[in-house]
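Source: prediction; values computed, not measured. Note: hydrogens, waters and symmetry copies are ignored here, and every other heavy atom, side chains too, is used.
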Amino acid sequence: MATVTFAPAIQRHVSVDEQRVDGPTVQDVLAQCVARAPRLRGYLFNDQGRLRAHVAVFVDGRLIHDRHTLGDALNNASRVYVAQALSGG
């Protein structure tokens with residue numbers, strides 16, 4: 001099972017513990033996390049179901065390649081980290 005962790009900046013808006021979920025892709029595991037904590041949907045995804053621009057997803061320490069369908073592959077030992085990308089100055 002993959003481990004999904006949400007950064008503290010996200011947890012300020014949606015209280016969600018680290019999740020252990022089974023799925024072959026980032027999309028699959030995030031869908032399960034949203035099913036467990038429905039308030040995540042509006043924070044992570046826009047009205048068209050696409051990952052919001054300010055959300056960054058890392059798998060095993062690397063930024064995902066497929067922001068469109070979230071099809072990056074996972075294995076049972078994958079660690080997924082979901083963070084809020086910050087900008088400004």
Next on the checklist: I'd like to know whether Arg79 forms a side-chain contact (heavy atoms from CB on, under 4.5 Å) with Glu18, so could you lay out the CA-CA distance, the side-chain angles of the two residues, the decisive distance to 0.1 Å, and finally the verdict.
Outcome noted: CA-CA 10 Å; Arg79 295 197 58 83; Glu18 185 173 271; 3.5 Å; yes
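In this view, Asp22 satisfies the side-chain hydrogen bond (donor to acceptor under 3.5 Å, both in side chains) rule with no residue, not counting sequence neighbours. Residues that satisfy the side-chain hydrogen bond (donor to acceptor under 3.5 Å, both in side chains) test with Arg36, not counting sequence neighbours, are Gln19. Not a single salt bridge (Lys or Arg N to Asp or Glu O under 4.0 Å) links Arg41 to another residue, sequence neighbours left out. Partners of Ala7 under the side chain to side chain contact (heavy atoms under 4.5 Å, CB included) rule, at least two apart in sequence or in another chain, are Tyr81, Ala83.
Within the structure, no pair that satisfies the side-chain hydrogen bond (donor to acceptor under 3.5 Å, both in side chains) test touches residues 6-15, not counting sequence neighbours.
Annotation: the span from Thr25 atom OG1 to Asp66 atom CG amounts to 9.0 Å, rounded to 0.5 Å. Rounded to the nearest 0.5 Å, atoms CZ (Arg20) and CG (Asn76) are 8.5 Å apart.
The shortest heavy-atom contact between Gln84 and Ala9 is OE1-CB, 3.2 Å. When all heavy atoms of Asp28 and Gly23 are compared, the pair lying nearest together is CB-CA, 4.1 Å.
Between the Asn46 side chain and the Arg52 main chain, no donor and acceptor come within less than 3.5 Å of each other.
Listed by chain and number, the hydrophobic cluster partners of Val34 are Val4, Phe6, Ile10, Val14, Val16, Val21, Val26, Val29, Leu30, Leu40, Tyr43, Leu44, Phe45, Leu51, Val55, Val57, Val59, Ile64, Leu70, Leu74, Val80, Val82, where partners are ILVMFWY side chains within reach of under 4.5 Å, directly or through others.
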